[in-house]
Amino acid sequence: MALPHRPDAPELPDFSMLKRLARDQLIYLLEQLPGKKDLFIEADLMSPLDRIANVSILKQHEVDKLYKVENKPALSSSEQLCFLVRPRIKNMRYIANLVNADKSAGRTRKYKVIFSPQKFYACEMVLEEEGVYGDVSCDEWAFSLLPLDVDLLSMELPEFFRDYFLEGDQRWINTVAQALHLLSTLYGPFVNCYGLGRCAKMSYELWRRLEEEEDGETKGRRPEIGHVFFLDRDMDFVTALCSQVVYEGLVDDTFRIKCGSVDFGPEVTCSDKSLKVLLNAEDKVFSEIRNEHFSNVFGFLSQKARNLQAQYDRRRGMDIKQMRNFVSQELKGLKQEHRLLSLHIGACESIMKKKTKQDFQELIKTEHALLEGFNIRESTSYIEEHIDRQSYGPEHLLTFSNLRRAGLLTEQAPGDALTAVESKVSKLVMDKAAGKITDAFSSLAKRSNFRAISKKLNLIPRVDGEYDLKVPRDMAYVFSGAYVPLSCRIIEQVLERRSWQGLDEVVRLLSCSELAFTDTTREDKASSESLRLILVVFLGGCTYSEISALRFLGREKGYRFIFLTTAVTNSARLMEAMSEVKA
Amino acid sequence: MNRTKGDEEEYWNSSKFKAFTFDDEDDELSQLKESKRAVNSLRDFVDDDDDDDLERVSWSGEPVGSISWSIRENAGNSMSSHEGREQLKGRNSFSSYAQLPKPASTYSLSSFFKGRARPGSFQSLSDALSDTSAKSYAPELGRPRGEFRDYSNDWSLSDTVRRLHRGKVCSLERFRSLQDKLQLLEEAVSMHDGNVITAVLIFLKRTLSKEILFREMEVRQVALRHLIHFLKEIGDQKMLLDLFRFLDRTEELALSHYREHLNIQDPEKRKEFLKSCIGLPFSGEDSAHIQDHYTLLERQIIIEANDRHLESAGQTEIFRKHPRKASILNMPLVTTLFYSCFYHYTEAEGTFSSPVNLKKTFKIPDKQYVLTALAARAKLRAWHDVDALFTTKNWLGYTKKRAPIGFHRVVEILHKNSAPVQVLQEYINLVEDVDTKLNLATKFKCHDVVIDTCRDLKDRQQLLAYRSKVDKGSAEEEKIDAVLSNSQIRWKN
């Protein structure tokens with residue numbers, strides 16, 4: 001069902017190298033603390049770590065026991081403690097308390113902190129202030145690129161979004177630049193670079209600086225990646241806030257894909273236990289449905305189920321010898337397929353159940369209406385009703401103030417007609433971050449230029465008759481044919497022109513005139529194949545829908561896309577990043 | 001769902017997507033169910049021998065041998081017994097995921113970090129790394145670098161910033177003049193690395209008076225944002241508030257102060273703290289919300305004390321039948337309203353815990369009140385209260401049913417609370433729009449309503465179609481047959 005890639009589409013680089021590199025770096029770091037040691041791991045690092053190493057590897061390097069870094073006294077009795085953490089103040093306090101408790105108990109141990117992906121001066125400052133600087137040795141584990149799939153690299157830094165887009169802290173820009181530097185070192189120089197947004201521009205500049213400082217490294221290498229596109233998440237919040245309807249996006253919205261794997265509960269596995277399942281190109285069933293509109297998935301699954309049944313049925317007429325062959329050669333594959341098939345059928349059922357309960361149809365309808373800019377009154381009353389049904393707490397006051405600061409919410413002058421821009425906010429209302437309810441809607445934003453941009457870039461496809469979701473004609477299929485993701489459309493347009501030429505108006509409407517850049521100077525060395533390999537860098541996160549849309553574009557045009565994102569996101573995660581939680 | 005069919009079609013036509021619906025159980029789901037049956041029918045055959053390709057999964061769903069699993073296992077054990085940890089060892093041999101590269105890397109560590117001088121090809125990782133001969137991929141280690149050497153060197157301003165960017169320890173103490181300090185900051189800002197900007201700010205904060213620091217920050221917005229975030233992170237609330245005061249950012253000052261209530265656990269103390277927030281310079285309507293927040297918590301404290309007492313005394317039926325799941329303290333307003341509709345519905349307006357009192361005090365809109373009360377009373381299956389909620393009397397004393405939220409909504413909420421068919425039926429009949437009514441009745445299997453509506457519409461075809469959906473030999477079928485054979489009705493089709 002999924003369209004194959006064009007025969008002239010370039011091969012993807014082998015990113016498993018990044019995993020080996022990260023693992024070996026970690027081993028190297030562990031070996032810097034010879035002897036038995038207990039390892040304390042920050043919760044957020046556990047899943048990424050699971051992707052590249054396992055317990056036996058750690059044990060091989062004399063890690064004795066594993067603990068989670070949490071706000072509890074450590075029970076470890078080891079003489080050497082090693083902490084594997086994100087560079088966060090609260091982790092420093094935790095470590096400092098532990099060291100100071102040891103000190104006052106007259107106990108001496110060795111402590112090592114490994115910061116991933118890098119350490120921050122503010123962390124060292126806290127260690128210094130708490131009087132443990134020098135008692136603790138600090139290292140960095142530059143593990144900033146986790147290949148979640150053959151074409152998806154995640155930095156697993158969801159906090160990037162809040163830190164940069166809400167707080168204006170540029171601490172992760174260096175991490176992005178370093179990650180790009182690593183990529184260009186391993187996979188050859190980048191030929192053409194484009195970008196949109198302030199963070200994009202800064203990341204690009206810092207990366208260029210790194211390249212120049214270590215000039216010569218990539219010289220003489222043949223470029224593999226022809227184009228790099230940097231994009232700030234705040235250029236397009238609308239797409240990220242839309243409810244997803246391609247399979248992978250729906251699975252993410254419904255079950256939350258974490259670090260490329262999902263926990264399917266008993267309602268999906270049809271047994272009494274949950275199952276952790278890796279979702280990637282290796283899953284033969286999943287890889288065929290991941291990019292499909294949900295409505296196509298059933299047909300595909302039932303076709304598969306029938307085929308599988310037929311395959312099993314063949315054994316009926318077999319003699320002993322044939323049966324032996326069948327068992328030894330095919331059975332394992334069939335069983336694997338059977339397992340995957342029943343999982344994804346279970347997932348679909350569960351999605352259908354949940355979505356039916358949530359009035360999903362109404363929600364989608366409202367979102368589409370807002371995107372297209374019609375039926376505004378109905379949409380607002382729909383949203384109001386949901387606001388009424390919410391339970392809201394006073395902390396939403398703080399959340400609203402955050403949303404305003406990040407540009408997701410602007411006060412509206414009284415009397416303004418409501419426009420499609422509110423789709424930005426319709427989501428916030430759904431996803432429990434809503435609050436301040438009384439007349440939230442009348443104060444919602446209008447100042448964004450979404451309507452005009454949408455017109456300029458043709459984001460709402462004009463199609464006669466029915467949009468056939470089985471045979472998508474454009475990227476709009478990821479939203480049921482209602483809307484071409486703005487982010488993906490911009491990328492498409494720039495790649496087509498190899499510049500921002502003719503897009504001045506769009507850039508102006510995005511208030512980004514100074515922040516759209518192109519750097520196309522090194523094309524002579526590039527093969528035509530590499531020029532069809534495109535790296536898209538999403539600063540602040542991208543959604544599975546955007547990935548699906550660009551994969552579709554790639555198949556249409558003979559490109560291959562590689563996605564580098566600070567984290568995979570969706571509407572709920574974006575809103576949660578903005579909400580104030582209890583400290 | 002509540003839209004009429006006509007609307008729906010119009011919508012789909014106007015926006016030209018295929019009318020795939022998520023509640024279209026008939027078609028899509030039955031297809032799915034069929035596939036599921038097919039797959040399940042194979043299960044017996046498949047499951048009969050060992051599941052060697054299934055990953056071993058622990059009770060929590062983590063693959064055995066994965067790091068997350070092991071940690072959880074450790075935490076569990078450390079609570080029970082220390083010896084128990086030994087049992088871990090035997091299970092580690094499972095490599096958690098098939099996709100995971102095998103542990104034994106084909107590259108030795110040394111080949112990684114030394115870098116062989118063989119330029120050109122980059123077939124393997126070690127080769128690729130050797131291209132970068134100058135730079136070692138070994139992580140830069142904290143200690144062995146001999147960092148103290150750097151103190152003696154007089155790095156230039158830009159060299160200093162570059163060294164900071166590379167994560168090297170670099171003394172800033174030499175930069176004593178204000179001009180130097182500010183240049184240092186500007187250099188850091190122009191590099192874009194937030195970590196370096198913060199490093200310089202830490203130095204500036206230590207070596208400049210607040211007034212000078214604030215003054216200089218005011219004209220440097222990027223640095224200012226970093227300073228604010230830094231102060232938030234390290235929890236220097238006092239300096240943060242001073243900074244907002246200096247900048248005259250009164251609203252941020254107020255919000256930032258207000259935010260502290262999140263750290264106060266004790267309800268009485270939190271209440272007092274909120275009281276102190278009331279006069280703060282919030283923007284327009286936010287002040288009213290802060291006032292509400294205070295009043296709400298004040299109420300909740302009273303209600304909580306009272307209800308906890310009632311519950312433990314065990315004399316009150318409602319608390320015995322439906323013990324409280326959690327304290328009402330710090331719950332949002334609507335939750336509080338739901339709670340009071342659940343436990344205190346009949347109380348007079350004068351008491352703090354009565355729903356009507358809450359509605360008045362917090363100016364809860366009608367719609368929201370009705371939705372909440374409906375949900376609470378339906379949950380208790382108090383159909384009388386539900387009925388009363390929608391009954392109004394006009395001046396002549398006639399009663400009439402009215403619902404500010406629309407009866408289709410009422411029906412859905414009732415259904416979610418598993419109201420009996422008789423109750424559902426009553427409200428479905430109150431839905432004005434015929435198509436919506438028919439849809440709801442079909443969906444919730446209120447046969448009488450469907451049959452009567454079809455009869456009223458004189459829609460023989462639809463009735464025939466419905467006949468095929470009801471159980472054979474049921475009362476519904478009989479009723480349909482009776483209607484169909486009624487010669488009085490002039491069918492339109």
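Residue numbers start from 1 in every chain, and the chains themselves are labelled A, B, ... in the order their sequence lines are given, proteins ahead of strands.
- You'll find the ring centres of B:His293 and B:Tyr258 inside the 6.0 Å limit.
- Contact count against chain A (heavy-atom pairs under 4.5 Å) is highest for B:Leu255 among B:Thr198, B:Leu255, B:Leu201.
- In this structure, the side chain of A:Lys59 engages the main chain of A:Asp64 through a donor-acceptor pair within 3.5 Å.
- Among the candidates B:Val222, B:Leu164, B:Asp292, the residue making the largest number of heavy-atom pairs closer than 4.5 Å to chain A is B:Leu164.
- If you measure heavy-atom distances from A:Gln118 to chain B, the contacts under 4.5 Å come from the side chain alone.
- Both the backbone and the side chain of A:Met202 come within contact range of chain B, judged by heavy atoms closer than 4.5 Å.
- When heavy atoms are compared at a cutoff of 4.5 Å, B:Leu224 does not approach chain A at all.
- Using a 4.5 Å cut-off between heavy atoms, A:Arg306 contacts chain B through its side chain alone, with no backbone atom that close.
- By the 4.0 Å N-to-carboxylate-O rule, A:Asp169 lies close enough to A:Arg171 to be salt-bridged with it.
- In terms of heavy-atom pairs under 4.5 Å with chain B, the best-connected choice from A:Ile114, A:Leu206, A:Ile173 is A:Leu206.
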Worked verdict on A:Glu70 versus A:Lys90 for salt bridge (Lys or Arg N to Asp or Glu O under 4.0 Å):
CA-CA 10 Å; A:Glu70 54 193 344; A:Lys90 73 170 177 21; over 6 Å; no
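- In this structure, no portion of B:Gln221 lies under 4.5 Å from any heavy atom of chain A.
- A:Arg23 places no side-chain N or O within donor-acceptor distance of the main-chain N or O of A:Ala53, the cut-off being under 3.5 Å.
- When only modelled atom types and interatomic distance are considered, A:His293 and A:Ser480 share a side-chain donor-acceptor pair under 3.5 Å.
- Most heavy-atom pairs under 4.5 Å with chain A: of the set B:Arg162, B:His192, B:Arg225, this distinction falls to B:His192.
- Checked against the 6.0 Å centroid threshold, A:Trp172 and A:Phe120 count as a close aromatic pair.
- For chain A, the nearby parts of B:Ile234 are the backbone and the side chain; heavy atoms of each come within less than 4.5 Å.
- Ion pair A:Glu213/A:Arg209 flagged as a salt bridge, since at least one NZ, NE, NH1 or NH2 atom sits closer than 4.0 Å to an Asp/Glu carboxylate oxygen.
- Contact count versus chain A (heavy atoms, under 4.5 Å) is highest, among B:Glu251, B:Glu252, B:Met191, for B:Met191.
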